[in-house]
Each structure stands twice: as structure tokens, then as C-alpha cells.
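Written out below as C-alpha cells is the structure these notes cover.
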Amino acid sequence: MTKKPPAYQALAAELRELIVAGRFRPGDRLPVEPELSAAYGVSRSTVREALRLLASQNLIATVRGVAGGSFVVTPRPEQISDYLATSLNLLAVDTQLTVDQFLEIRDLLEVPAAGFAALRRTPEDLAALRATLFDPGAASPEEMYEPNKRFHALLLGACGNPLLEVVARPVFQVLDERFLRSRAPGRFWHDVDRDHREILARVEAGDEPGAREAQHAHLARLRGTYLAIDRNATPG
């Protein structure tokens, strides 16, 4: 027999469905606690717990005061991206997602993004990308980590599709933070520098197939490093 969820979870699920269906739109105020309590036949404490749950999921925000209440939030891309990154990290820790699977998804997302960037980049995008280039012979791994991260974030931003950026960035973030921050060998950064310059050259030239090819080759080269770090980090 399936166990019934607690009353507050059931109420939160019903309210979530109304929000997702557009019955309550971003900026709308939900009915106050007594109204929700009467409408759904639950206690006010159940309503409060349901609202707390929705707030923890960044669906609503509670404002105090006379004009306050619980309001449906306007989702921000970075908020969604951060939530996905946290969830993917947990799946990786629990070994439900392997490094190979992360790399496969990254290839599926970031290769087309590089092509779109070549077609849609602005002069400002190109200047920002150039500013992330580094000299691997003169910088420490710690000094190269952040520019590497910015390069890929800016490349995704230059593709001109916010949804693609929201979905792709967490996959990159999980791999980058779990494996590269302190464990990538020195030669790795020389490969990264060379590849970034090639990708940027193709993007700058507006070469869509070339940018896709350069990004695919870059990710293929990274694969061996990621897998080696993963093997060394795995107990036993």
C-alpha cells in the first residue's frame, strides 16, 4: 500500500500545480493562511508548513507587514542553474551519474552552444572571452581555474539562448568543481589554453562548423584527465 504524504506536502503539491499551470503567476499573492486553511480543510499550521516548503523550492517568497503575504516569485536563470548544479552534485556523490555520463551530456550541450556563439556573438562577448585567456607557463593552477570557468560560462552566454545556458552550465560546474579545482595535472592547462584559443578564433571568425569541431575536440581531450582523476579519487 502506498503511504500517503503528510498533509502539508499534499497541500504544497496542489499549490505547486496551480503555480506551474499559471493560475498564480509571478508576482501574484497567494490567499492568506485562513483562506487556504478553509479552502483545503487543513489546519493553519499545515498551511504554514506547505508555504515553507514552497519557499524552500524558490516558488514563493514571504513578505512581512501590512501589504505582505506569500508571493509567487519570478524565476531567475542563475537560481535554476544553481538548483540543478546542487541536484547533479548529489547524484554524482551517490554514484547515480558517472563521469562518462556527465561528459556525454556536456558534449551534447556545449558543442552546439559553441556553434551558436560563432553565429550570435557580439563584440562585447569576444572581448570578455579574450580577457579569460592565460599563459599556462606563467600562472599557477589556482590562477587558471577561474579564467577557465569564466571562458566556458561566457561561451554559453554568447550562444544567445538562456535556456541552453541554464541547462549546460550546471553540468560543466559539477565536473569543474569536483575534479579540476586542485587535481588537474600541469600539462592539462597547456591543452586547455591551446584549445580555448582555437575555439575563440573560430567563434571570432563566425565559423559555426569550425567552432563546433574545436569545442568537440576540446571536450574529447579533457575526457582522459577527468577519468584519470575519477579513478584516483575512487576508494579501492
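Under the 4.5 Å side-chain heavy-atom criterion for Ile, Leu, Val, Met, Phe, Trp and Tyr, L175 and F151 are members of distinct hydrophobic clusters. In the hydrophobic clustering of ILVMFWY residues, with side-chain heavy atoms under 4.5 Å counting as a link, L154 and V167 come out apart. Note: the hydrophobic cluster containing F24 does not contain V73 (ILVMFWY, side chain heavy atoms under 4.5 Å, direct or indirect links). When the side chains of ILVMFWY residues are joined at heavy-atom separations under 4.5 Å, either directly or via intervening members, L126 and F116 end up in two distinct hydrophobic clusters. Two different hydrophobic clusters hold V192 and L133 under the rule that ILVMFWY side chains link at heavy-atom gaps under 4.5 Å.
With contacts defined as side-chain heavy-atom distances shorter than 4.5 Å, the pair V203/D125 does not qualify. A heavy-atom distance below 4.5 Å is not found between the side chains of R121 and L129. Two residues are said to be in side-chain contact when any heavy atoms from C-beta on lie closer than 4.5 Å; R130 and E204 meet this criterion. In this structure the side chain of Y226 reaches within 4.5 angstrom of the side chain of L103, judged on heavy atoms. S87 has its side chain out of reach of L84: every pair of non-hydrogen atoms, C-beta onward, lies at least 4.5 Å apart. S140 places none of its side-chain heavy atoms less than 4.5 Å from the side chain of W189. Using a 4.5 Å heavy-atom cutoff, the side chains of L36 and R44 are not in contact. Between L88 and F102 there is a side-chain heavy-atom pair separated by less than 4.5 Å.
Between L53 and A12, the shortest heavy-atom contact is CD2-CB, 3.7 Å. For the pair L164 and L109, the tightest heavy-atom approach, listed with the atom from each and the gap, is CD1-CD2, 3.8 Å. The minimum heavy-atom distance between S81 and R169, with the atom names listed, is OG-CB, 3.8 Å. Contact between A138 and E143 at its shortest, heavy atoms only, is O-OE1, 4.4 Å. In this structure, G27 and F71 approach most closely via the heavy-atom pair O-CD2, 3.5 Å. Looking at every heavy atom in both residues, A10 comes nearest to P5 through CB-CG, 4.5 Å.
Residue-environment remark: NE2 (H190) exceeds the threshold of 12 foreign heavy atoms within 6.0 Å. Heavy-atom contacts from other residues, nucleotides or ligands closer than 6.0 Å to CZ of R221 number more than 12.
Atoms CD and CG, on E208 and L119 in that order, are 5.0 Å from each other to the nearest 0.5 Å. The structure places CG of D28 at 11.5 Å from CG of L18, a figure rounded to the nearest 0.5 Å. Note that the CD1 atom of I199 and the NE2 atom of H216 stand 12.0 Å from one another [nearest 0.5 Å]. Rounding to the nearest 0.5 Å gives a distance of 11.0 Å between CD of E33 and CD of E35. Here CD of E146 is found 11.5 Å from CZ of F134. Values are rounded to the nearest 0.5 Å. Atom CE of M144 is separated from atom CZ of F188 by 9.5 Å, given to the nearest 0.5 angstrom.
Ring pair H196/H152 is perpendicular by interplanar angle, where above 60° counts as perpendicular and below 30° as parallel.
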Next item on the list: Assess whether side-chain contact (heavy atoms from CB on, under 4.5 Å) is satisfied between V99 and R223, documenting all intermediate values.
Entry: CA-CA 9 Å; V99 174; R223 184 175 180 276; over 6 Å; no

Next item on the list: In sequence, state the C-alpha distance, the side-chain angles, and the governing distance for R48 and Y8, and then conclude on side-chain contact (heavy atoms from CB on, under 4.5 Å).
Entry: CA-CA 8 Å; R48 282 192 291 272; Y8 77 92; over 6 Å; no

Next item on the list: Go through the steps for R202 and E198 under the test salt bridge (Lys or Arg N to Asp or Glu O under 4.0 Å), then give the verdict.
Entry: CA-CA 6 Å; R202 302 294 183 92; E198 177 64 19; 2.7 Å; yes

Checklist line | Trace of the side-chain contact (heavy atoms from CB on, under 4.5 Å) decision for L15 with L59 | finding: CA-CA 10 Å; L15 294 173; L59 289 171; over 6 Å; no

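Salt-bridge formation is not detected for the pair D191/R187: no Lys NZ or Arg NE/NH1/NH2 atom is positioned less than 4.0 Å from an Asp or Glu carboxylate oxygen.
Each of L222, V111, V174 was checked for a side-chain contact (heavy atoms from CB on, under 4.5 Å) with R106, and the lone residue meeting it is L222. Considering I60, L54, V32 in turn, I60 is the only one that fulfils the side-chain contact (heavy atoms from CB on, under 4.5 Å) rule with S70.
Side-chain atoms of S37 come within 3.5 Å of backbone atoms of V42 as a donor-acceptor pair (strictly under, hydrogens ignored).
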